[in-house]
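Everything numeric in this text was worked out from a predicted model, so none of it was measured. Naming: A, B, ... by sequence-line order, numbering from 1 per chain.
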Amino acid sequence: MTHTTQKWSLGFVAAFAAVALSACNSSTPAPTDGGTTPSGGGTTKGGTTTSARPAPTKAPFTVKEGEVIRIGLVASRQGELRPWGEDSSNGAALAMAELAADTADGDPNKLIIEGHEIQLVVQDSNSDPVQGKNAAEQLVNQGVIGLIGEVASGITATISDVAFSNSLPLVAVGATRTDLSAKGSHFFRVCYTDALQGPVMAKFAYEDLGLRKMAMFTDKAQPYSTGLSESFSAKFKELGGEIVDEQFYQTKDTQFAGPIANTKAKNPDGIFLSGYFNEVGPLARQIREAGMTTQPLLGGDGWDSDQLLTSGGDAIVGGYFCNHYNSLEDRPEVKTFLDAWKKKYNANPGTTMGALGYDSTKLMVDAVKRAIMEAKAANKPVDSLMVINALENTENFPGVSGAITLKGRNGDPAKRALVVEVTKEGQKFAKAFEADAVMAK
Amino acid sequence: MMSGLPLWADLSFSVLPQQLVNGLLLGAIYALIALGYTMVYGVLRLINFAHGEVYMLGGYVALFISWQFGFTQDALMQNSTREGSLLLLGLMLIASMLICGFIGLLIEFLAYRPMRSQPRIAALITAIGVSLLLQYAGALFLPNSPPPSISEKVNPYRGEWRITLSQPSGESVAALAAAKATLDQRTREFDEQIKQERSKFDLSPAGVAIRDEKNRADQEFNKAQTVVNAQRSEIVLPRGQVVMFITSILLMLGLNLLVNFTKMGRAMRAASHDFDTASLMGINVNKVVTLTFFIGSALAGAGAMMNTTFLGTPMTTFSGVQPGVKAFVAAVLGGIGSIPGAVLGGLLMGMAETLVVWLGYGSYRDAVAFVILILVLLFRPGGIMGSAAVEKV
C-alpha cells in the first residue's frame, strides 16, 4: 500500500466519524418539542362545537351493534423513551382495569358499554417516529376506532398523519409541541403545550423569585429545548426582565465548563436549563462547581425523572421546573390514582406519563361511550367521526392531571401547569398556574 | 449573543484564563482516550472502532462498584450520609482499568486476531461490528433506562479551589459588603414572614411586600457583585477535575516510561515500525498486540471512570460513541500511530473547542473540531506528529 491510499482511507474514516457523530446527535428523539403556533378559535353552533381545523375526509371506521370496539395505544416500550413509554402504557392498562371493574356487567376483567366490549390494543413504537407510524398502521389494520399516543412530539406527529388519513381520533399523551394540534380536527391532547410551560417558568422566575437577569442553557440538538428557551425568553422580556446570556450545548455532551465560564462573567440572577435531565444533572453540578452557587436553577418538564437527583446531586436540589401534575398534591383524583397504581404495580409511577397515559385512556373511553349513546339515539352504528365529535365536546373531564376541557380549544386543553421544587424526597409542589392567566398579556 | 454573530466587544477577556484552563482539563480526557486508538493503529494499522464501547463499559464498571459500596439511587433518596474516600476512588479506577483492559484483550483475541491475515478493510468492518454488538447487546443486560449515573457522594473532592489573578477595588468590595448586609437583613425578615404564611409561593399582601423588598435588595446585591466580578479575574478549579487532570497526566507519564524505557516498550515500538520484520527478529508480536490492547483499553477505562464519577455523566450503552469519535478525531489530528501526537491532538481539540465556546460560537463547537481536522489532513495528511514517510507493505 502506498502513502496516498493511506491518506485517502484516513480521510474516509474521518468523514465516516463525522457522519456518525452528527447522526448520533440528531437521532435522539425529543419527548416534547418546541414551537409557537397560536391556536385559532373554533366555531360554536348551539350546544356542540365543531373545530375550525381541517377535518378528515375518508369514510369513518364503523362498528356494528354489539361488536367489539378496539382502542389502539402506541407506546415507546423499548428504546430511549422507555421510562416514559412504560409509564404511559401502564397508566392506560390501569385505566382499563379500573373501568372494567367499575361496570356492573358481572365480569371484572371485561369492559362492556351498551353491549360493546371495549378492548385496548397496544403496539410498540420503539421510541422511533417511523416505527411509531408502522405501529399506528398496524393498529388501523387491527380495526381500532381511535388511537392514543405518544409521549414524544416527533412520534406523535407521524401517528397523527396515520390517524388523519383514516379518519380516526388521536389523543396524544405527552406531546407538548405546539403546532401538532393544527394538523386536523382529529387531534387532541391531555397535556399542556410548550407555549405554556416557558411562560409559566418566566412568570414564576420574574414574579415569585424576583429574578431580573436570566441566563439560559439550550440544547441545540433538541427542538424541545430551543422552543422552550424561546417561549421562556419572550415572556421573561415581556414582563420586563433581561436575558443576559444564552449558551448552547448538545445532547450527550458531558463537559460544560466552557459555556459556564462565559455565563459566569455575565453574573445572572438565575439560570434556565431548558434541556433534558440527562444533561441538566451534570450541567447543574458543573455550574455549582464553577462557583455560581446561589443562582436558582429552573427548567421545563424535561427535568422530570428521579435520575436527576443522582446526576445532579446536591446542585439540583432547590431547582424549580414545570410539570403536569404532582404526586404530593392533595386533590382526591391524585390520591386515588396513586393508591391504585401502587396496588397494581407495587411502586410509584416514575414519571408523569403514568398519569397522562391514564387520563388519555379514560378520556378516550369516555368519548367512545358518549359516541355510542349518540349513535343509539340516532339509531345508527357508532363510527370514528362520532368519537372525534365527542372528544371535541369534552368539558371538565376530571383527569388526574387536572380538569380537561377540549370544547372550542382546537385540541389543546387549558391545563394547569405546576411549578415544582426538586427536593431530596422528590418533587415538592411550589405553585400552580392557570393557563389563561399566564398567557394573558 | 442571542441571535446572529457575537460582537468582539462582547468578549470577556477576564474569562480567558479560566477558559484556557477549561480547555486543558477537557483535552486531557480526550488525550487519554485517544491513546487507545493511536496505540492499536500504531501496531496493527487497525482503527479499533470498538474503543468507544470499551470506554462505555468502563463507566459501567465504576457504576457497579459504587453501587456495591452503597451509593445507589435508593440510598440517596433515603438521605444517606455515606461519603466516598480516596481508597474507593482508587478501587474504582483500578477495577475499571483492569476490566476494560481484559475486555480489550478479549475483543482482540476473538474478533481481530482471526482477521489479521485478511485485507485491512475486513478488520475495519469487524471493528464496526464489534462496536455495534457491544452497544446493542449491552442494552439488553446493562441498566440504561433511565440512564443511571454515579452519585456525587462517591467523590470526596467536591468544591473548588480559586486562584485570584487580579483583585477588585476596595470601594466596590465595600459596596458589595453593604449590599450583602442589606440582603441578609431582608432575607431574615422574609424567612420570619414565611413561618406565618401558608407557603413560600402563596403569600399574603404583607408577605408580598416583604418579598419584593427582599428581591430588590437581591438585585442591588447582584449589581454590586457584577461590578466586583468585572474587576476580579480568577480561575476556579473544581477539585474533582483537578484530580482527573493529575491522574490523566500520571497515567500518560506512566505510558511514556513503559513505551520508551522498558524491553516490552521497545518491542512495541519495533512492531509498530515494521510488524513482520519485528516478528522475524524474534519479537513475540502476539504478546505485543495483546499488551497494546490491554493498555489502550485500560486508559479508556480510566477516562470513563473519571468522567462518570467526577462529572456525573449518565450512562447508556451508547454513551461511548461520542467520546469515541471525539478521541478518534484527536488521534488523527495528532497523527494516528504517534503517542505524543495523540496527547497533543487531545489537548488541541479540548483547547479549540473551549476557545470556540469563549468566542460565542458554542453551537458550532463540533463543526470547528472537524474543520480543524480537515485543514490538518489537507496540509499534513499524516497528522501533526504523524510520520510522513512512505509506508512499505
Part of [X] within contact of chain A (heavy atom distance under 4.5 Å):
X	result
B/Ile150	backbone
B/Gln241	side chain
B/Arg216	neither

Nearest 0.5 angstrom please: [X] [atom1] to [Y] [atom2], how far?
X	Y	atom1	atom2	value
A/Thr293	B/Glu160	OG1	CD	7.5 Å
A/Lys252	B/Ser319	NZ	OG	8.0 Å
B/Tyr364	A/Lys220	OH	NZ	6.5 Å
A/Tyr206	B/Asn215	OH	CG	10.0 Å
B/Phe310	A/Glu289	CZ	CD	10.0 Å
B/Leu203	A/Asp208	CG	CG	7.5 Å

For [X], is it the side chain, the backbone, both or neither that has a heavy atom under 4.5 Å from a heavy atom of chain B?
X	answer
A/Lys213	side chain
A/Leu209	both
A/Arg285	side chain
A/Phe204	side chain

Below 4.5 Å, heavy atoms only, C-beta onward: do B/Pro314 and A/Phe277 meet side chain to side chain?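 Contact flag for B/Pro314/A/Phe277 side chains = no.
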If you define the side chain from C-beta out and look only at heavy atoms, does anything of A/Gln286 sit under 4.5 Å from B/Leu311? yes
So, B/Asp218 and A/Arg212, do they make that salt bridge, N to O below 4.0 Å?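 Judged by the 4.0 Å cut-off on N to carboxylate O distance, B/Asp218 and A/Arg212 do not form a salt bridge.
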For A/Glu207, is there an ion pair with B/Arg211 - N to carboxylate O distance below 4.0 angstrom? no
Do B/Gln219 side-chain atoms and A/Gly210 backbone N/O form a donor-acceptor pair below 3.5 Å? yes
Please check if the side chain of A/Asn267 supplies one atom and the backbone of B/Asn229 the other of a donor-acceptor pair under 3.5 Å. no
Among B/Leu26, B/Asp212, B/Leu355, residue most engaged with chain A (heavy-atom pairs, under 4.5 Å): B/Leu26
Return the option, out of [options], with the maximum number of heavy-atom pairs under 4.5 Å with chain B.
options	value
A/Asp269, A/Leu211, A/Ile260	A/Asp269
A/Gln307, A/Lys264, A/Glu421	A/Gln307
A/Ala430, A/Pro268, A/Ala315	A/Ala430

B/Asn22 side chain to A/Gln255 side chain, donor-acceptor N/O pair below 3.5 angstrom: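 Side chains of B/Asn22 and A/Gln255: no pair found under 3.5 Å.
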Can you tell me if CZ on B/Arg232 sees more than 12 non-hydrogen neighbours from other groups inside 6.0 Å? yes
Is it the case that the ring center of B/Phe201 lies less than 6.0 angstrom away from the ring center of A/Phe433? no
Residues passing the salt bridge (Lys or Arg N to Asp or Glu O under 4.0 Å) test with B/Arg186, sequence neighbours excluded, are B/Glu189, B/Glu213
